[in-house]
A.B. asks: 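The following block contains the structure, expressed as structure tokens.
All ligand and atom numbering here is 1-based and tracks the order in the structure. We number each residue from 1, following the sequence as shown.
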Amino acid sequence: MVRTFQLRVSLKEETIEGILTKKAAKHVGADEKDIVVKVLRKSIDARKPRIYINYKLQVYINEKPSEIPEYVFDYKDVSKAKEVHIIGFGPAGMWAALRCLELGFKPIVLERGKNVKDRRRDLKAINQEHIVGEDSNYCFGEGGAGTYSDGKLYTRSIKRGDVRRIFESLVHHGATEQILIDAHPHIGTNKLPKIVQNIREAILSHGGEIHFDTRVVDFTLQNNKIKAIQLQNGIEMAVNRVILATGHSARDIYYLLHKKEIALEAKSFAMGVRVEHPQHIIDSIQYHCSGSRNELLPAASYSLVAQVKNRGVYSFCMCPGGFIVPAATAPGEVVVNGMSPSKRNNLYANSGIVVEINADEDLRKYEKHGVLKGLEFQKDLERLAFTAGGRTQAAPAQRMTDFVEGKLSADLNATSYQPGLKSVPMHSLLPKLIGSRLRGGFAAFGEKMKGYYTAEANIVGVESRTSSPVNIPRKENLEHPEIQGLFPCGEGGGYAGGIVSAAMDGERCAEAAIAGL
Ligand code: FAD
């Protein structure tokens, strides 16, 4: 017999060896030796001072669990198979390529950036020398924005695909099985490069191709069908099906499509700042403790949302025990984002706090840019941050309380952001539509989480790349409505908002591109 049920375990009980088996045996009224316990889900309940760990268990009573895996990834030898071209090797491009292998088609991937190892040098140059490479940075290169990301795997896109399949695929390529049971699965920036490398090896060893340092600069169209793509080295490649998975930072691709009069749409998105607290403040609020948190508990996170002047203000990509990183993709701009290692053991907690930007109502001053109005607004804010920060990768910052009270910070709190911070009056620099709502948001968050609103937190600008400000339309069969053979995909198309949703969209686009080949 198999039974599935929830059990809760106190932090004290959690230290007792075999506690789950003991409790499960009692729950089902069986002998410990007659049961096998499988953990399906694990989450922390810290709503009250007495903290519990909640487990969802599957218990086999006098029965052995099935050993047949639920998910099998059967990659074919595709060296002589029909080709699908994939532009961009972020999560969308990677999972599109893997799906091609499963379906027996040959993925040919074109990626402007370098492989994960060589890319690391360029990240060092951004952090230490303030040099931003336009093809190799935190967003561009093998694994895309997902490689040196935080690796949180939560997604709101459950309806859009099989989330579990992506998790299983990540485990297949080297992620820990823990992601299959954690309520808030996280891989960590230190572990992602190896997984990305394993995915690359799977693609190459099955006959797929991946070309790094290969930026796509143009498309050749004939009778509204994509016929060829041009690379920055002058090479032209004949193509039949193209998955365009270039991410939301590939502005040159949006400009190219616009110049070629290929339909695009303006999309609502969100922008704001990144907030950094000492981790112990967030721990003490969330875990109701005064000193350091219980060692069984991970660095605490939070999720906040408020409605201010008809727009949502919310936390985005919260990174407990993490770092703020410079995520610009071109010189002359400052963009911040966040990440954390698998142990989440850094001293700071950071999170984007962003304001919804309504493409129809908030960008009237940018109307002349048509469908690219959001992109131009985003660029202006990033340039502003660059200038305010002192024209390096140092980021403009202010103490949270000074920002709300409208005064320049005499000094700033220590930070994890390597290029450094510069104290500036963010309250007067940020456009009103963002600044005034952030002020309202921080006040509301301080009410929801006592201690969150504090002079010990910095706000750091700007968090501008939360999602794409442009949507590349597609038909029901996922093909662009005007261009036969072109399949807009992932975050750059406006169809994903994170690693998992981009990966699921990559799989879907591969299936769509292959249909009828
Ligand atoms: P991308 O990952 O942006 O990949 C696009 C790829 O296309 C890039 O590799 C780029 O080099 C390539 N490309 C662009 N233009 C061209 C061209 N012209 N020719 C050839 N190649 C091109 N998401 C989460 O779910 N959880 C997190 O914890 C998380 N943390 C993040 C932390 C940071 C620091 C960053 C930057 C992002 C984070 N994200 C996180 C977001 C996540 O990484 C993205 O949502 C995801 O990577 C989008 O996948 P994608 O494949 O659609 O696009």
A.B. asks: Can you tell me the protein heavy atom closest to atom 22 (C) of ligand 1 and the distance?
C.D. replies: Arg112 CD, 3.5 Å
A.B. asks: Which of the numbered atoms in ligand 1 are below 4.0 angstrom from a heavy atom of Val325?
C.D. replies: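 Heavy-atom distances to Val325 below 4.0 Å select 34 (C).
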A.B. asks: Judged by non-hydrogen atoms, does Thr214 sit under 4.0 Å from ligand 1?
C.D. replies: yes
A.B. asks: Is a side-chain N or O of Asp182 found less than 3.5 angstrom from the main chain of His184, in a donor-acceptor match?
C.D. replies: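 Judged by distance alone, no pair lies under 3.5 Å.
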A.B. asks: What I want to know is whether Val216 and ligand 1 share at least one N or O pair that is separated by under 3.5 angstrom.
C.D. replies: yes
A.B. asks: Within a distance under 4.0 Å of any heavy atom of Cys139, pick out the atoms of ligand 1 and give their elements.
C.D. replies: 8 (C), 9 (O)
A.B. asks: Quick one: nearest non-hydrogen protein atom to atom 42 (C) of ligand 1, plus distance?
C.D. replies: Ile499 CG1, 4.1 Å
A.B. asks: Any side-chain heavy-atom pair from Ile44 and Asn54 closer than 4.5 angstrom?
C.D. replies: no
A.B. asks: Looking only at non-hydrogen atoms, find the nearest pair between Pro473 and Pro481 and report the distance.
C.D. replies: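 Where Pro473 meets Pro481 most closely, the heavy atoms are O-CD, 3.3 Å.
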A.B. asks: Would Met339 count as being in polar contact with ligand 1, using the rule that some N or O on each side must be under 3.5 angstrom apart?
C.D. replies: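 It does not: no N or O of Met339 is found under 3.5 Å from an N or O of ligand 1.
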A.B. asks: What protein heavy atom is closest to atom 39 (N) of ligand 1, reported as residue, atom name and distance in Å?
C.D. replies: Ser149 CB, 4.1 Å
A.B. asks: I want to know if ligand 1 touches Gly498 in the polar sense, i.e. an N/O pair below 3.5 angstrom.
C.D. replies: yes
A.B. asks: How close do Tyr348 and Ser416 get, heavy atom to heavy atom, and via which atoms?
C.D. replies: CD1-CB, 3.7 Å
A.B. asks: For the salt bridge (Lys or Arg N to Asp or Glu O under 4.0 Å) test, which of Arg119, Lys114, Arg200, Arg120 pairs with Glu142?
C.D. replies: Arg200
A.B. asks: With a cut-off of 4.0 Å, which atoms of ligand 1 are near a heavy atom of Ala145?
C.D. replies: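 Every atom of ligand 1 under 4.0 Å from some heavy atom of Ala145: 1 (P), 2 (O), 3 (O), 35 (C), 37 (C), 43 (O), 47 (O).
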A.B. asks: Considering the heavy atoms of Leu110, write down every atom of ligand 1 situated less than 4.0 Å from one of them.
C.D. replies: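 Reading through ligand 1 atom by atom, the close ones are 20 (C), 21 (N).
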A.B. asks: For the side chain of Lys260 and the backbone of Phe219, is there at least one donor-acceptor N/O pair under 3.5 Å apart?
C.D. replies: yes
A.B. asks: What atoms of ligand 1 come closer than 4.0 angstrom to any heavy atom of Ala245?
C.D. replies: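 Numbered from 1, ligand 1 contributes 5 (C), 6 (C), 7 (O).
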A.B. asks: Looking only at distances, can you tell me whether any N or O atom of Gly146, backbone or side chain, sits closer than 3.5 Å to an N or O atom of ligand 1?
C.D. replies: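 N/O-N/O distance under 3.5 Å: yes.
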A.B. asks: Is there a nitrogen or oxygen of Asn337 sitting under 3.5 Å from a nitrogen or oxygen of ligand 1?
C.D. replies: no
A.B. asks: Less than 4.0 Å is my threshold; does some heavy atom of Ala327 fall inside it relative to ligand 1?
C.D. replies: no
A.B. asks: Can you pull out the closest protein heavy atom to atom 27 (C) of ligand 1? Residue, atom name and distance to 0.1 Å, please.
C.D. replies: Lys152 N, 3.6 Å
A.B. asks: Quick one: do Arg437 and Glu356 make a salt bridge, cutoff under 4.0 Å?
C.D. replies: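 Between Glu356 and Arg437 there is no salt bridge, as every charged N stays at least 4.0 Å from the carboxylate O atoms.
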A.B. asks: My understanding is that we take every heavy atom of each candidate and find the minimum distance to atom 53 (O) of ligand 1. Doing that for Gly497, Ala496, Gly247, Ser340, which one comes out nearest?
C.D. replies: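 That would be Gly247.
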A.B. asks: Identify, by atom number and element, the atoms of ligand 1 in contact range of Gly338, meaning under 4.0 Å from any of its heavy atoms.
C.D. replies: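 What qualifies from ligand 1 is 32 (C), 33 (C), 34 (C).
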A.B. asks: Can you see whether Gln279 engages His277 through a side-chain donor-acceptor pair at a distance of less than 3.5 angstrom?
C.D. replies: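 His277 and Gln279 do not have a side-chain donor-acceptor pair below 3.5 Å.
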A.B. asks: Tell me whether Glu491 is salt-bridged to Lys267, with the criterion being a basic N under 4.0 Å from an acidic carboxylate O.
C.D. replies: no
A.B. asks: Side chain or backbone, does Ala92 bring an N or O within less than 3.5 Å of an N or O on ligand 1?
C.D. replies: yes
A.B. asks: Flag the pair Glu102 and Arg99 as a salt bridge only when some basic side-chain nitrogen lies within less than 4.0 angstrom of an acidic carboxylate oxygen.
C.D. replies: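 Salt bridge present between Glu102 and Arg99.
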A.B. asks: One pair to check against salt bridge (Lys or Arg N to Asp or Glu O under 4.0 Å): Arg344 and Asp150. What are the steps and the verdict?
C.D. replies: CA-CA 10 Å; Arg344 288 188 155 159; Asp150 189 32; 3.4 Å; yes
A.B. asks: Can you report which non-hydrogen protein atom sits closest to atom 12 (C) of ligand 1, along with the distance?
C.D. replies: Glu111 OE1, 3.3 Å
A.B. asks: Taking both backbone and side-chain atoms of Arg215, is any N or O found less than 3.5 Å from an N or O belonging to ligand 1?
C.D. replies: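 N/O-N/O distance below 3.5 Å does not exist for this pair.
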A.B. asks: Are any of the N or O atoms of Ala250 closer than 3.5 Å to those of ligand 1?
C.D. replies: no
A.B. asks: If you measure from the Lys or Arg side-chain nitrogens to the Asp or Glu carboxylate oxygens, is any gap between Glu463 and Arg274 under 4.0 Å?
C.D. replies: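 Yes, charged N to carboxylate O under 4.0 Å.
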A.B. asks: Looking at Trp95, Phe167, Phe73, Tyr71, which hits ring-ring contact (aromatic ring centres under 6.0 Å, His included) with His172?
C.D. replies: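 With His172 as partner, ring-ring contact (aromatic ring centres under 6.0 Å, His included) holds for just one option, Phe73.
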A.B. asks: Could you tell me whether Asp213 and Arg112 have a side-chain N and a carboxylate O separated by less than 4.0 Å?
C.D. replies: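 Salt bridge absent between Asp213 and Arg112.
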A.B. asks: Considering only protein heavy atoms, which is closest to atom 4 (O) of ligand 1, and at what distance to one decimal place?
C.D. replies: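 Of the protein heavy atoms, Gly90 CA, 3.4 Å lies nearest.
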A.B. asks: Run the numbers for me: atoms of ligand 1, each under 4.0 Å from some heavy atom of Gly144, listed by number.
C.D. replies: 2 (O), 4 (O), 8 (C), 9 (O)
A.B. asks: Is there a side-chain contact between Met318 and Tyr302 (heavy atoms, below 4.5 Å)?
C.D. replies: yes
A.B. asks: I need the atoms of ligand 1 closer than 4.0 Å to a non-hydrogen atom of Gly490, numbered in the order shown.
C.D. replies: 52 (O)
A.B. asks: I'd like to know if the side chain of Asn350 and the backbone of Phe323 have a donor-acceptor N/O pair within less than 3.5 Å.
C.D. replies: yes
A.B. asks: Write out the residue and atom name of the closest protein heavy atom to atom 30 (N) of ligand 1, then the distance separating them to 0.1 Å.
C.D. replies: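 Result: Asp150 N, 3.2 Å.
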A.B. asks: Looking at ligand 1, does any of its N/O atoms fall within less than 3.5 Å of an N/O of Pro91?
C.D. replies: yes
A.B. asks: Check this for me: does any side-chain nitrogen of one of Arg465 and Glu333 sit under 4.0 Å from a carboxylate oxygen of the other?
C.D. replies: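 Salt bridge present between Arg465 and Glu333.
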A.B. asks: Would you mind checking which non-hydrogen protein atom is closest to atom 14 (C) of ligand 1, with the distance to 0.1 Å?
C.D. replies: Thr246 O, 3.2 Å
A.B. asks: Does Tyr138 reach ligand 1 with a nitrogen or oxygen that is under 3.5 Å from one of the ligand's nitrogen or oxygen atoms?
C.D. replies: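 In fact, backbone or side chain, Tyr138 has no N or O that close.
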